[in-house]
Amino acid sequence: MTLIALIDCNSFYCSCEQVFRPDLTNKPVVVLSNNDGCVIARSKEAKDLGIPMGAPYHHYKKLMTFHKVAVFSANFPLYANFSTRIMNTLTQFSDSVEVYSIDEAFISLKGIASDVISYSQLLRQTIFKWTGIPVSIGIGSTKVLAKAANRFAKSIPESNGVFSLASSPAFIDSALKLLPVEDIWGIGKQQSKKLQQRQIKTAFDFKQYKNRSVLLKYLTKTGLQLHDELNGKSCIDISTTIEPRKNIQSSRSFKPELTEFDDVAAALTLFTTRAMEKLRKQNSLTQLISVFIRTNPFNNKPQYKNGITISLPVATNNTLEVAHIVRQCLSVIFKKGIEIKKAGIILSEITDDTSLQQSLFINTNQSNLMASLDQINKKYGRDTIHPANTTRFIKKRQSPKWVSPQYTTNWTDILTVK
DNA sequence: TCTGGGGTCCTAGGACCC
DNA sequence: TCTGGGGTCCTAGGACCC
């Protein structure tokens with residue numbers, strides 16, 4: 001039986017910040033979202049203070065000040081760089097690595113001759129030595145079991161960061177009895193409610209449940225898959241190839257809200273630039289463009305929410321072309337006098353760009369222009385060249401308050417060792 | 001005064017066709 | 001007055017994930 005390990009970085013964004021701030025080791029640390037709006041990562045000590053995930057910063061400002069919590073604005077280039085280094089480390093320990101998210105990966109333990117727990121301990125120590133990031137490792141015969149094991153690796157200090165659910169059936173069952181059904185990977189709030197109503201309260205109850213037609217009816221076929229995986233029957237394979245995205249979205253909240261058409265248009269042009277860069281990076285074309293705007297749902301002012309989707313006659317990867325369409329879309333849904341809190345665009349109907357190369361109608365100049373643009377921005381930094389009207393947005397944007405230096409991705413921010 | 005951003009998959013139901 | 005049955009395709013929205 002091939003075993004699967006799930007490697008999950010502990011409080012990832014906080015841990016990245018702590019690497020360069022040893023004075024913050026074992027201290028409460030939080031990382032805030034865009035506009036310093038809400039908490040998106042908490043160190044263990046911050047969790048213990050009762051600061052929930054997604055908490056609005058201003059609700060917890062007092063508590064954090066009182067407990068001297070270290071606050072950071074998100075520094076995604078830094079986190080992405082750490083992530084790459086960790087994932088590279090994993091490839092030295094397994095032939096099949098699936099990067100599941102910025103801070104998680106599944107690896108196959110196939111062919112590991114030694115005891116998988118000591119092997120995982122070695123992996124854990126290596127990652128810490130090479131990157132300074134602590135990880136937890138869960139082992140199981142399926143992804144769902146590896147995920148569950150990872151929870152125990154995190155919550156049981158004696159496990160020393162590695163926990164295996166690949167042992168005797170009796171041991172697995174006794175562990176699953178301790179796992180609330182809502183903590184199963186893939187069971188969210190709605191589905192756990194449905195399960196609780198049927199007296200299915202733990203992962204063990206769920207595993208033992210026999211009526212598959214009920215599961216299909218209320219939890220759809222993904223529910224059945226989870227059930228199989230909990231029973232040790234693998235349904236979700238490790239996928240080592242990186243599939244191109246089927247949708248690419250770029251959106252932001254604004255602080256303060258925007259009311260002028262030109263400001264929103266400038267922001268949307270910038271989002272279009274970002275999304276189209278991603279699109280070209282994965283060698284794709286898009287043929288369906290969506291634009292949306294909305295007011296702040298948390299205040300009592302008049303609400304407005306609207307979106308529009310436009311299908312293009314020919315798929316494209318040209319920023320200028322799409323930016324033009326996005327602006328036209330905005331003029332359809334924009335309403336004078338409303339305060340726009342969030343806006344964004346979504347690219348979909350994404351296809352491979354080889355079809356463009358073969359097209360007789362290809363505009364070679366435009367395609368070269370996009371390639372040059374990407375090269376220059378890669379070499380000299382993001383937004384070195386950008387559509388003129390985005391400047392208006394970039395200049396007006398408030399910069400986050402507590403962003404750490406670009407320790408690993410910017411020469412001027414590299415630490416000096418004395 | 002202040003509440004993130006970016007994905008995937010699944011299903012129900014409408015439109016359309018023969 | 002009676003008013004089929006079955007199939008496909010598409011899309012919006014729900015639920016989940018990090």
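In this text, all values refer to a predicted model and were calculated from it rather than measured experimentally.
Ring orientation note: the planes of Tyr119(A) and Phe93(A) are nearly perpendicular, at an angle over 60° on the 30°/60° scale.
Rounded to a whole Å, the CG atom of Leu32(A) is 14 Å from the C1' atom of dG5(B). Atoms CG (Asp103(A)) and P (dG5(B)) sit 19 Å apart, rounded to a whole Å. To the nearest angstrom, C1' of dG6(B) lies 16 Å from CD1 of Ile242(A).
A salt bridge does not link Lys110(A) to Asp95(A): none of the charged side-chain nitrogens sits closer than 4.0 Å to a carboxylate oxygen.
The side chain of Lys147(A) places an N or O atom within less than 4.0 Å of a non-bridging phosphate oxygen (OP1 or OP2) of dC18(C). For the OP1/OP2 pair of dT3(B) and a distance below 4.0 Å, the side-chain nitrogens and oxygens of Asn296(A) include at least one atom meeting the criterion. Here Ser101(A) does not reach the OP1 or OP2 of dG7(B): none of its side-chain N or O atoms lies under 4.0 Å away. Phosphate proximity of dG6(B) to Arg274(A): absent, as no side-chain N or O sits under 4.0 Å from OP1 or OP2. Remark: Asn247(A) is not in phosphate contact with dG6(B), judged by side-chain N or O atoms under 4.0 Å from OP1 or OP2. For dT3(B), neither phosphate oxygen OP1 nor OP2 lies less than 4.0 angstrom from any side-chain nitrogen or oxygen of Lys255(A).
Comparing atom distances between the Trp185(A) side chain and each of dA15(C), dT3(B), dC18(C) picks out dC18(C) as nearest. Of the candidates dG5(B), dT11(B), dG6(B), dG5(B) carries the atom nearest the Lys342(A) side chain, counting heavy atoms from C-beta on. The Lys246(A) side chain lies nearest to dC9(B) when the options are dG5(B), dC9(B), dT3(B).
Of the P atoms belonging to dC18(C) and dT3(B), the separation is 25 Å, rounded to the nearest Å.
With DNA chain B read from its 5' end, the first of the two nearest nucleotides for Arg294(A) and Thr222(A) is the one closest to Arg294(A). Take the nearest nucleotide of DNA chain B for Ser253(A) and for Lys221(A): the residue whose nucleotide is more 5' is Ser253(A).
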| said: Quick one, Arg392(A) with Arg397(A), criterion side-chain contact (heavy atoms from CB on, under 4.5 Å). Give me CA distance, side-chain angles, the key distance, then yes/no. | reply: CA-CA 9 Å; Arg392(A) 185 188 174 102; Arg397(A) 201 160 40 162; over 6 Å; no

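A cation-pi arrangement is absent between Arg198(A) and Phe206(A), since the terminal nitrogen or guanidinium carbon is not both under 6.0 Å from the aromatic centre and inside a 45° cone about the axis.
With respect to Ile187(A), the side chain to side chain contact (heavy atoms under 4.5 Å, CB included) criterion is satisfied by exactly one of Val144(A), Leu195(A), Ile200(A): Leu195(A).
Nucleotide dC18(B): paired with dG5(C) (Watson-Crick or G-U wobble, both distances less than 3.5 Å).
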